[in-house]
Amino acid sequence: MGQLIKGKAVADAITAEVKNHAEELRQKGTSPKLKIVRVGQREDDLAYERAAIKRMASCSIDCEVLSLSLDISQEDFIKELKKVDQDETVHGVLIFRPLPRQIDENAVKYIIRPEKDVDCFNPINVAKVMEGDETGFPPCTPEAAIEMLKFYNIEMKGKNAVVAGRSMVVGKPAAILLLKENATVTICHSKTDNLKGVAGKADILIAAIGKSKMITGDFIKEGAAVIDVGINVDSQGNITGDVDTEDCIGKVSVITPVPAGVGSVTTAVLAKHVLKAFNQLTGK
Ligand code: NAD
């Protein structure tokens, strides 16, 4: 029987470390600040926003939300982003995506300077992550997946790691981060032939597909570590992952639950990034 590894302990450890540093800064009369930019009122954005506000408070990091109307024009959106970028009291900026249709991501993704871009929207940060440049910011979710593996002492070096999903926010950066840890990495996607066969050779499987409980026990190698990044709502309205945990737990060594897995670590990584952005911007 495999072990269910939860996110809380990982998030608590990161939170404690960030809080320590942020409180030291506060005593010196300064503090890191996150600005969240939300367009519209999507329920998943609002849920993440609530979690992020709570996490920043427990890390002693300031947090503000810029809530913009769903029908904002691209021109006005650009003006708002430029103001946020130029605001010297703001150190980290998180922009919820996807943006509404009238806004072309290509026209806005360079506006927030890479030093403040704490969730890897700006392509300069993407390049830094590819290069292994430590001043860059990987997206928080795949970094949270790696933090889970590190915290629970799962060896990545030399292991076969399979990432299911190739999005810019999860799959691709997760693969790059695994490579940085010296894993041998395969990326699978919707056009992959025989996902079951490929996943079945993985010592580490990261699922970031967006399909409720698609990964069942027959996709899993005996003793694998399984990190479930998926957040889905099933037909009964329950939050589920991409992995059928009950079906897999007999085969895995460790597996993350959904909810209470990777998702709970993501906001802690976000807080860590805001502190890092503050340090890099101010030289403190
Ligand atoms: P996405 O829709 O952008 O990408 C899904 C990926 O899955 C694509 O690359 C696609 O090729 C691949 N895919 C689809 N069907 C497949 C199949 N049958 N076999 C193999 N690959 C297949 O989604 P995303 O933004 O990358 O998010 C993935 C999942 O992670 C979603 O459930 C999302 O809700 C969740 N998510 C969680 C967090 C978190 O904090 N835990 C953050 C972001 C996203």
Side-chain angles (χ1 to χ4, degrees), residues 5-8 10-11 14-15 36 38 42-55 94-99 105 118-121 126 129 137-149 151 161-178 185-202 205-216 218-220 226-235 237-245 255-273:
I5 51 171
K6 296 199 173 179
K8 186 175 183 305
V10 189
I14 298 170
T15 301
I36 296 175
R38 171 172 42 76
R42 278 183 32 199
E43 193 36 60
D44 51 347
D45 288 348
L46 291 168
Y48 190 76
E49 183 179 300
R50 284 190 293 273
I53 291 171
K54 206 168 146 198
R55 178 73 62 193
L94 170 68
I95 304 168
F96 284 127
R97 287 172 279 161
L99 293 165
E105 281 202 2
V118 288
D119 200 30
C120 203
F121 184 36
V126 180
V129 173
F137 296 98
C140 297
T141 301
E143 187 173 331
I146 302 296
E147 291 282 358
M148 292 286 282
L149 290 164
F151 185 88
V162 171
V163 180
R166 59 173 164 185
S167 73
M168 286 302 290
V169 274
V170 194
K172 275 187 203 163
I176 297 300
L177 295 176
L178 284 163
V185 187
T186 307
I187 305 177
C188 296
H189 47 81
S190 54
K191 304 287 186 289
T192 296
D193 279 339
N194 190 19
L195 176 64
K196 209 175 268 187
V198 181
K201 294 195 173 65
L205 176 64
I206 297 189
I209 303 168
K211 294 198 170 142
S212 180
K213 298 189 180 181
M214 192 191 124
I215 305 292
T216 45
D218 47 347
F219 285 73
I220 306 291
V226 178
I227 307 291
D228 188 357
V229 178
I231 301 177
N232 313 291
V233 182
D234 73 6
S235 50
N238 302 309
I239 303 284
T240 61
D242 290 344
V243 180
D244 186 337
T245 318
I255 188 165
T256 63
V258 177
V262 176
S264 23
V265 182
T266 306
T267 53
V269 171
L270 177 64
K272 192 171 85 169
H273 284 187

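In each ligand, atom 1 is the first atom listed, and ligand 1 is the first ligand listed. Excluded from the calculations below are hydrogen atoms, water molecules and symmetry mates; all remaining heavy atoms, backbone and side chain alike, are included.
A side-chain N or O of Asp218 and one of Thr216 form a donor-acceptor pair less than 3.5 Å apart.
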**Request:** Evaluate the side chain to side chain contact (heavy atoms under 4.5 Å, CB included) criterion for residues Leu94 and His273: first the C-alpha distance (whole Å), next the side-chain angles of each, then the deciding distance (0.1 Å), finally the verdict.
**Result:** CA-CA 11 Å; Leu94 170 68; His273 284 187; over 6 Å; no
**Item:** Audit row: Asp119, Ile95, side chain to side chain contact (heavy atoms under 4.5 Å, CB included) steps and yes/no
**Value:** CA-CA 8 Å; Asp119 200 30; Ile95 304 168; over 6 Å; no
**Request:** Decide side chain to side chain contact (heavy atoms under 4.5 Å, CB included) for Arg55 and Leu270; before the verdict, give the C-alpha distance in whole Å, the side-chain angles of both, and the deciding distance to 0.1 Å.
**Result:** CA-CA 9 Å; Arg55 178 73 62 193; Leu270 177 64; over 6 Å; no
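Arg97 places a side-chain heavy atom less than 4.5 Å from the side chain of Phe121.
Counting non-hydrogen atoms of other residues, nucleotides and ligands closer than 6.0 Å to CG of Asp193 gives a total of 12 or fewer.
Closer than 4.0 angstrom to ligand 1 sit non-hydrogen atoms from Thr141, Gly165, Arg166, Ser167, Val169, Val170, His189, Ser190, Leu195, Ala208, Ile209, Gly210, Lys211, Met214, Val229, Gly230, Ile231, Asn232, Gly263, Thr266.
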